[in-house]
Structure formats: structure tokens, C-alpha cells
Number of protein chains: 2
Amino acid sequence: MSLRWALIALLTGRPMTGYDISKSFSTSVAHVWHAPDSQIYPELNRMEREGLLTSVEVPWGKKGTKKEYHVTDEGLAAFRAWMESPLVPQRQRDPAYLKAAYFDFADPAAVREQLRQQRSYWEEHLAMLERTRASLVDRSHPTLAARIEKLNQREAELAVRYKIYAYDGLIARARTELAWIDDGFTLVDELDGC
Amino acid sequence: MSLRWALIALLTGRPMTGYDISKSFSTSVAHVWHAPDSQIYPELNRMEREGLLTSVEVPWGKKGTKKEYHVTDEGLAAFRAWMESPLVPQRQRDPAYLKAAYFDFADPAAVREQLRQQRSYWEEHLAMLERTRASLVDRSHPTLAARIEKLNQREAELAVRYKIYAYDGLIARARTELAWIDDGFTLVDELDGC
DNA sequence: GCCAACTCACTATATCGATAGCTAGTTTGT
DNA sequence: ACAAACTAGCTATCGATATAGTGAGTTGGC
């Protein structure tokens, strides 16, 4: 259900086609809400039917056309309403913690291998988050740049600072995961040694 | 797909009925993997059909019977195989971060209200995690107690330590969320003041 | 003796989400 | 002239989840 709000969030920056969205999704909103294009296209259609978006047929090449989606006033109002509505707390559902709780069923070597994999995943993820954060700070991030173009200085400041704030949260979370993984190595060594 | 591994994990502790499971789920595995009973019952049936579990009809009262599920050797082998298989990294999908990135669309008062709600949710969640961790340390946690009964001292030590490790991770995560929320308050005050 | 609360085991329905594949036009390189 | 890669917009299918209900037996309190 949050997918539609992620889509409106993106489209408030600038009008886009479904294809544009599925591309820029991976470099921006996907860090907080991932979705494949097979979900994006039908959802855009639904949102248009419900009046949250309108679409404009834009020529593409000689014969082709593409559909550019714009947020309607109604869509913006619905987005603001969602923004101010209470958040439903997320249930925990993380296989990594489930596995960790039952590491005694696995071979210590297999546990170390798992931890190595997780560490490299989170290290990469953290590096990517930090690169993106830097591109927000210097305002070179394409999606953000398009968004703040039409805003005044104060509005732009707000938009940028809150995006950085979101990334700071994601970065803190990644660091916490990495620290936990390192504790895992220490624990395996201790329990395997005795 | 992890649901079945969560169920086997629980059932390795002691045989249980679907009802037992749905009850003890909320006080143990649910912290890492939540599921409602409407998912648990069909999944237990499927797992029995696939040979991962067997069930024994146990009398209940005068007329009633209940179905107690036991993990088969095949089920245990499948569980170990999963434990040692690589972990598929989870996609980020968290409405809290999505909202935070677009707080500039909401009223500062509404943002503060959101943050208050999230803080009280995480505070409660953290307190619950710490209570559970304490009950693991002193081995009073019922599910854990049932599990370690049939284990030798060394095996019990492993089981307990890894469960504590999992909770330490969850607790660290909760603390990170709380710190992030507090940063949110500071940021709103700063941006609203100017 | 009876009602409430609890135990037990589901079903029904709908939506969400992931993977895979399809069709057709466009641009670019050789 | 033709192929490869890219842009565009889907569909089909399957499994995972969530919400809500059904119905029957049991236990405990007054």
C-alpha cells in the first residue's frame, strides 16, 4: 500500500513515464521502498483510474508515444493525508535474525560463511548509502536536483535536509547491522573454541 | 518461505499443536518472524504432506482430539540445509523511512506527532525485548526451558548464547531507531524555528 | 446449571509482491 | 543493411500475507 505513496513522492519531483519511474526507482526511492516494474505499471493505472494521477500522451520517435504521469491536486492531497496519518508499526520479519537465533543447528564453518556474506552485503549497501548521501549534500543527485529546481530556497532546504535525515537513519541502521555481525564472529570463535 | 523454518525451529524444542504454536509464537519466534494462525495451520498441513513433520492425534477432554506435530528427520535435515544456505538479502521496505524522506510535505506539528508515536512504539518494543533477553539469561523463558531440557550442558550453552545474540541484535536495532527518532525531533525544531 | 472465556482448527477472501516472459518501437554501431 | 541494446508498457502466474470469520469442544466461576 505504501507503493502508491512512493510513486506520488517521486512524481511530485517531476512528471515521468512508467519506464522513467522504474529506472529512477532503483537509484532513489528504492532505498526505502523497492518495487519491480511489474508492480509499478499496474499501480500507476489504478492510481489514474482513482484520480490520483493524470497521464499525458507524449510522442516518442516517429510513431511511438509514451505516457507521462502527473500528480493531480487530489493525488497531492491524498499524499499529504497519508504523510500525516499514523504509521502502522512494521512487524519484524527478518530471516537473518531467525537464523542467528538457531546458529547452534549449523556448523561453525557455515556460520562464519554466513556472517562473511552478510558483512560484505552490508558493507556494499553502506557504501552505496554513503555515496547517495554525499550526492544529496552537494545536490548533484538527479532526482533531487529536478525536484528542488522549482522550489524556493527555504523549501529546497527543507526537502534536502529531510532526505539527508532519512539516509542518516539508513546509514545508522547499516552500521548497527555490521557491528552485530562482528559480534557474531567473536561469539562463534568463543563458542567454537571451548 | 521462512515461515516453515520458524515453525520447525519452534518444534525442535518440543512437539506442539497448531494452537500451542500460534500462542507461543507471539512470545518467542514472533520477535523475529510474525505470522497469524491463518498462515500457521495451512503451512503445518503442507509441511506434513511434504514429510517435514508428522502429526499424532492426542485426546483432549472426553471427546476432542488435537494434533501434535513432530519434526521428522527429513524436516530436521531440511532445516539444517536452510541454516547453512546463503541468505537472500532483504529489500528495504519501511514506510517510516519513506515518510521521513518527505517530511517537508507535512506540517511540523504532524511530524512531531509521528515521531512521538514512533518513539513510544519503539520504547515499548525495546522494553519487551529486554524483558525477553533477561528471561533467556536466567533460562526462565518457557520455550527455551523446554528446549534445553533434553540437551547436554554444552549444547544448552550454545542454544542459549545464540538466542541472546539474536536479541542483542534486535535490541541494538531498536536503540538505533530511537536515536534516529530523537535526531528527528532536533531536526524539526531546527527547521521549524528558522 | 449456565455463561464466559479459552482451546482447537480451520476457511474464505483479498491483496501484496516476486519472477518471468511478451510485444513493439527506437537508437546506435558496423 | 542489419543486429544489438535500449525504451516502453505490459501480462501471467505463483506464493506470501493480512483480515476476518466459522464452529465445535472444554474449563472455571458464580
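Only a predicted model underlies this, so the values are computations on that prediction, with no experimental measurement involved. Naming: A, B, ... by sequence-line order, numbering from 1 per chain.
Summarising the geometry, the separation between CD on B/Glu43 and P on D/dC14 is reported as 18 Å, rounded to the nearest angstrom. What separates NZ of B/Lys23 from C1' of C/dA9 is a distance of 12 Å, to the nearest Å. A straight line from OH of A/Tyr19 to C1' of C/dG25 spans 12 Å, rounded to a whole angstrom. Atom P of nucleotide C/dG17 and atom CZ of A/Arg46 are separated by 11 Å, given to the nearest angstrom. Rounded to whole Å, the distance from OH on B/Tyr69 to P on C/dC8 is 13 Å. Rounded to an integer number of Å, the gap from CD of B/Glu50 to C1' of D/dG15 is 13 Å. One atom, CE of A/Met16, and another, C1' of D/dA8, lie 15 Å apart when rounded to the nearest Å. Taking atom CG of A/Asp94 as the reference point, atom P of D/dT17 lies 12 Å away to the nearest angstrom.
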Taking N or O atoms only and anything under 3.5 Å, show me the protein contacts with nucleotides 19-24 of chain C, one pair per line.
unit_1: C/dT19; atom_1: OP2; unit_2: B/Arg91; atom_2: NH2; d: 3.4
unit_1: C/dT19; atom_1: O4; unit_2: A/Ser38; atom_2: OG; d: 2.5

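Not one N or O on the side chain of B/Ser2 forms a donor-acceptor pair closer than 3.5 Å with the backbone of B/Trp5. With B/Lys66 contributing its side chain and B/Gly18 its backbone, the two residues share no donor-acceptor pair below 3.5 Å. Side-chain atoms of B/Gln118 never come within 3.5 Å of backbone atoms of B/Leu115 as a donor-acceptor pair (strictly under, hydrogens ignored).
At the heavy-atom level, A/Lys67 lies under 4.0 Å from the strands shown only through sugar-phosphate atoms.
A donor atom on one side chain and an acceptor atom on the other are not found under 3.5 Å apart for B/Thr17 and B/Glu68.
At C/dC8, none of the side-chain N or O atoms of B/Ser22 fall inside 4.0 Å of OP1 or OP2 (strictly under the cut-off).
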Counting only pairs under 3.5 Å, give me each side-chain donor-acceptor contact of residues 104-112 of chain A, with atom names and distances, residues two or more places apart or in other chains.
unit_1: A/Asp107; atom_1: OD2; unit_2: A/Ala109; atom_2: N; d: 3.2
unit_1: A/Arg112; atom_1: NE; unit_2: A/Asp189; atom_2: OD1; d: 3.3
unit_1: A/Arg112; atom_1: NH2; unit_2: A/Asp189; atom_2: OD1; d: 3.1
unit_1: A/Arg112; atom_1: NH2; unit_2: A/Asp192; atom_2: OD2; d: 3.3

